[in-house]
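Numbering starts at 1 and runs along the sequence shown.
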Amino acid sequence: MSAGPDGPEDRLRRFATIWSRAVFPVTSTSSTRPEFEEQLLPLARRLSEALRARAFDADAGKTVGAALVTAHCTDPEALSRSLDCVDAYLVLYCGTEGDQEDQRARSARLQHAMAAGFAQALRERTLAEQEAISAAALKAQGVVAQALHATEARFRAVFEGAAIGIGIADLEGNILQVNGALLRMFGISEHALRSRNVMEWTHPEDAPQTWKLYDELVRGEREHYHVEKAFYRPDGTVLWTNLTVSLLRDPDGNPQYQLALMEDTTERRLLNLRLRYEATHDALTGLPNRTFFFERLEKALGAGEGQRFGLCYLDLDGFKTVNDSLGHAAGDRLLVEVADRLQSCATAPGEMVARLGGDEFVALTTGPDTEHEVDELAARIMNALIAPISVDGRELTVRGSIGIVEGPAGERSPAEVLRSADITMYRAKSAGGNRFELADEEADARAITRHGLTTALPTALDRGEFFIEYQPLVHLGDGSVRGAEALVRWLHPQHGILGPDRFIPLAEHTGLIVPLGRWVLEQSVRQAREWRERYDDAGPLRINVNLSPCQLTHPGLVQDTVDILERAGVAPDALCLEVTESALIGADDDLLKPLRRLAEMGVDIALDDFGTGYSNLANLRRLPVSVLKLDRSFTQSMQQFPADPVDLKIVEGIVSLAHSLDLAVTVEGVETGAQAEQLRILGCDTAQGWYYARPGPPERLHELALVDATG
C-alpha cells in the first residue's frame with residue numbers, strides 16, 4: 001500500500017527538508033539547496049531505519065556522520081546544526097508509537113555516533129591533507145637545508161595557505177618558523193610563539209608516551225609520530241589538537257629539523273564531551289543517570305583488596321499522589337529540588353548521587369571504612385528531606401524509604417547489589433516508610449518471592465490453584481459476542497490472585513509452561529463446547545487461547561491440540577490460538593510448521609500485540625495467521641474525540657492491509673464508546689476491553705451471549 005500524504009515517506013522527506021535548510025548555509029558545495037536535500041534524503045532514511053531497528057546499530061550513525069564530510073559539510077557548525085535537527089525532529093518525524101523515552105535515548109546515541117563518524121572522517125581527510133603537506137615538506141627539506149633556493153615559493157604557498165597549523169623547529173626544540181593558521185590557533189604573535197621552546201609545551205593531560213615519542217624522534221630513532229595533545233593558550237584556555245610530528249633530514253640523512261602539523265579539535269572534543277554528558281546524565285535533574293551509576297558501581301565493586309562500598313537506594317514515599325493530584329510538572333519540580341538536596345549530601349571524595357528513574361535515587365560511597373560512612377550518608381539524606389518543599393505555592397512534605405547495602409568489594413555483581421538494595425528499600429517502605437533499613441541476607445531471601453513462586457508452580461497445578469477468567473470478544477458491526485479470550489489466574493495460598501505476568505515468565509523459564517498451557521487449552525475448549533451447546537442461537541462462540549514462545553517449540557503442540565479437540569468433541573474452528581508478534585519475528589519454517597498444520601486443520605491463528613515489535617508487514621503473507629490483534633497502543637488516542645488523525649491513518653492502513661490479506665482485525669483495550677465507534681468506522685472486525693466487560697467467570701459471558709441471542 002503506498003504512503004498517503006501523512007505517510008512515512010512524506011514525514012521522512014519533511015525531516016530531510018528541515019535538515020537541508022539548517023545545514024546548507026554553512027556547507028561548501030556547488031549544489032543548489034534542493035540538490036543538497038536529495039543528498040541528505042538517503043542519510044535521513046538511514047537514521048530513520050536505525051531509530052526503528054530492533055537492535056541498535058551505532059554504525060548507522062557513524063556512516064551518516066562520515067557522509068556529511070563527503071558532502072562537504074566540514075564546517076563544525078554543519079555538524080552542530082545536524083545534531084540539533086536530529087535531536088529535535090528525528091523522533092517526531094521518523095519515530096514509532098512505541099516507548100518515546102527509549103526512542104529519544106536511541107536518538108541521543110545516534111547523535112553521538114554521528115559525531116564520532118564525522119570526527120573520524122574529518123580526521124582521515126585532514127590526515128590526507130597532512131600527508132600531502134608532509135610530502136611537500138619532505139621534498140622541500142633539501143631546499144630548507146640549502147636556504148630554500150629553487151622551490152621556496154612553492155613551499156611557502158603550501159606552508160602559509162594550509163588550513164592546519166604548521167611549525168618547524170630544530171632538534172633542540174627552538175621554534176624556527178610557524179604559519180598563520182598555527183598563530184591563530186594559539187592566539188599569539190609570531191614573535192611570542194617563536195620565543196618558546198617545544199619542551200615548554202607540556203600539559204597535565206599529556207599521554208604518558210607523548211614525550212617518549214618526541215625523544216625518539218629528535219634522536220633519529222623514529223621518522224614521525226601522531227598523538228592527541230592539549231596546549232595552554234596565553235589566556236589560560238586549552239587548545240586540543242591532533243598533532244603529527246615528522247623528522248626532516250639533511251641530504252646526508254642526518255636529523256636536522258622537526259615538522260609539526262596541528263589540527264584544532266577543541267570544538268569537536270567539547271561536542272563529544274557534551275554528548276557524553278547528555279548520555280550519562282539525567283535530563284531533568286542533571287544527576288548522573290543509571291548508565292553512569294552502573295559504571296561507577298562496577299568500578300567500585302572491582303576495587304582492590306581492603307576496599308568497601310556502601311549504597312543507599314532511595315524511593316520517595318507517596319510520590320505518585322503528587323503526580324496524580326498536582327500534575328507531572330509539579331512532580332518534576334519536586335524531583336529537581338530533591339535531587340539538589342541529595343547532591344549536597346554526597347560531596348566527600350568517593351561519594352556520588354544518581355537518579356535511576358522516576359522517584360528512585362541512589363547514593364554511593366566507597367573507601368576502606370564505608371560501614372560507618374554509609375549510615376551517616378543515609379542519615380544526611382533523611383535529614384535533607386525533612387524541610388518542606390514549596391511547589392506552586394504549596395508546602396509539600398517529602399519522605400523517603402532507603403535500603404542500604406554495604407560490604408567488601410569483589411564479592412557481588414552490580415545487579416545483585418542493586419537488587420538487594422531494592423528489596424531492602426521495599427522492606428523499609430512496607431514497615432511504614434520514612435526510614436532506612438540495612439540489607440540482611442535472610443531478609444532478602446524472604447523478600448524474594450520469585451523463588452517461592454517458581455518452586456510452588458508444579459504442585460499448584462496438581463492442587464487446582466489455577467482458574468480461568470474470560471474476556472468477551474465483541475463484533476463491532478452488530479455488537480454481538482463472538483467468543484472470549486481465556487486468561488489464566490493463580491489463586492496462590494499466600495499471595496492471593498496472581499495475574500499471568502507474575503507467573504507465566506517463571507513457567508516459561510522452568511519449562512512448566514507446557515503442562516500449564518495444556519491445562520488451559522483443555523479447560524478453555526471444554527468451556528467452548530459448553531457455550532456452543534447452551535447458546536447455539538447466539539451463533540458459534542470461539543475461544544482464544546494464548547500460546548507462549550516455549551509452547552511453539554514444543555514437539556507435542558499439534559498432537560496435544562488435536563487430542564484435546566477430539567476428546568471434547570469440538571470442531572477446530574471453535575479455537576483460536578494467539579501468538580505474540582515478537583515470538584514470530586524472524587521465525588524460520590521449522591517454527592512456523594506446527595502453526596501451519598493447525599491452521600490447515602481449521603484452527604485460527606491470531607498475531608497478538610501487533611505493532612509492538614519490528615516485524616516487516618510483508619512477512620504477514622508467509623505467516624499462517626488469520627487474525628491480527630492490534631495492540632492497544634495504536635488506539636489509546638481514540639478514547640477521546642477527536643482522535644489523533646495520524647493514529648487514525650495508521651490504523652486505517654493496517655486494517656486495509658490486513659483485509660487485503662484476508663485477515664480479520666481484533667482490537668484490544670477498548671475502553672470507551674467513542675473508541676469503539678471509531679474502530680467500527682475504520683473497519684475493525686472485533687474488539688475486547690473494559691468498555692464491554694472485564695475478564696470474569698464464564699457465567700458472565702453466558703449472560704452477554706444470551707442477551708445478544710434474545711435481544
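In this structure the side chain of Cys550 never reaches within 4.5 angstrom of the side chain of Val514, judged on heavy atoms. At least one side-chain heavy atom of Val665 sits under 4.5 Å from a side-chain heavy atom of His659. Considering only heavy atoms from C-beta on, Ser413 comes within 4.5 Å of Glu416 through its side chain. Considering only heavy atoms from C-beta on, Leu628 stays 4.5 Å or farther from Leu661 through its side chain. Here the side chains of Arg290 and Leu418 are in contact, with some heavy-atom distance below 4.5 Å. For the pair Trp690/Gln471, a side-chain contact is recorded, criterion being any heavy-atom separation below 4.5 Å from C-beta on. Ser82 is listed as a side-chain neighbour of Leu68, based on a closest heavy-atom distance under 4.5 Å.
No hydrogens or angles considered: nothing links the side chains of Glu668 and Gln688 as a donor-acceptor pair under 3.5 Å. With no hydrogens or angles considered, a side-chain donor-acceptor pair links Gln120 and Glu124 at under 3.5 Å. A side-chain donor-acceptor contact under 3.5 Å links Gln103 and Thr96.
In this view, Phe118 satisfies the ring-ring contact (aromatic ring centres under 6.0 Å, His included) rule with no residue, not counting sequence neighbours. When the ring-ring contact (aromatic ring centres under 6.0 Å, His included) test is applied to Tyr470, the partners found at least two apart in sequence or on another chain are Trp531. Partners of Arg13 according to the salt bridge (Lys or Arg N to Asp or Glu O under 4.0 Å) rule, which considers only residues two or more places apart in sequence or in another chain, are Glu37, Glu38. Looking at residues two or more places apart in sequence or on another chain, you find a side-chain hydrogen bond (donor to acceptor under 3.5 Å, both in side chains) between Asp478 and His475, Ser480, Arg482. Residues forming a salt bridge (Lys or Arg N to Asp or Glu O under 4.0 Å) with Asp87 (at least two apart in sequence, or on another chain): none. Residues that satisfy the ring-ring contact (aromatic ring centres under 6.0 Å, His included) test with His112, not counting sequence neighbours, are absent from this structure. The ring-ring contact (aromatic ring centres under 6.0 Å, His included) check on Trp19 picks up Phe15, with sequence neighbours excluded. Applying the salt bridge (Lys or Arg N to Asp or Glu O under 4.0 Å) test to Glu671 and every residue at least two apart in sequence or in another chain returns nothing.
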Expected list for residues 590-605: side-chain donor-acceptor pairs under 3.5 angstrom, two or more places apart:
from   : atom 1 : to     : atom 2 : distance (Å)
Arg596 : NH2    : Arg622 : O      : 2.9
Asp604 : OD1    : Ser626 : OG     : 3.1
Asp604 : OD2    : Arg542 : NH1    : 2.8

Which atom pairs, donor and acceptor, lie under 3.5 Å between side-chain atoms of residues 559-566 and protein residues at least two apart or in another chain?
from   : atom 1 : to     : atom 2 : distance (Å)
Gln559 : NE2    : Asp563 : OD1    : 2.9
Asp560 : OD2    : Arg518 : NE     : 3.1
Asp560 : OD2    : Arg518 : NH2    : 3.2
Thr561 : OG1    : Leu557 : O      : 2.8

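Taking a cutoff of 4.0 Å between a charged side-chain nitrogen and a carboxylate oxygen, Asp59 and Arg109 do not qualify as a salt bridge.
Sorted by first and then second residue, the salt bridge (Lys or Arg N to Asp or Glu O under 4.0 Å) pairs with a member in residues 484-495 read Glu469-Arg489, Glu485-Lys629; sequence neighbours excluded. Within the structure, salt bridge (Lys or Arg N to Asp or Glu O under 4.0 Å) pairs that include any residue of residues 678-689 comprise Glu677-Arg680 (at least two apart or interchain).
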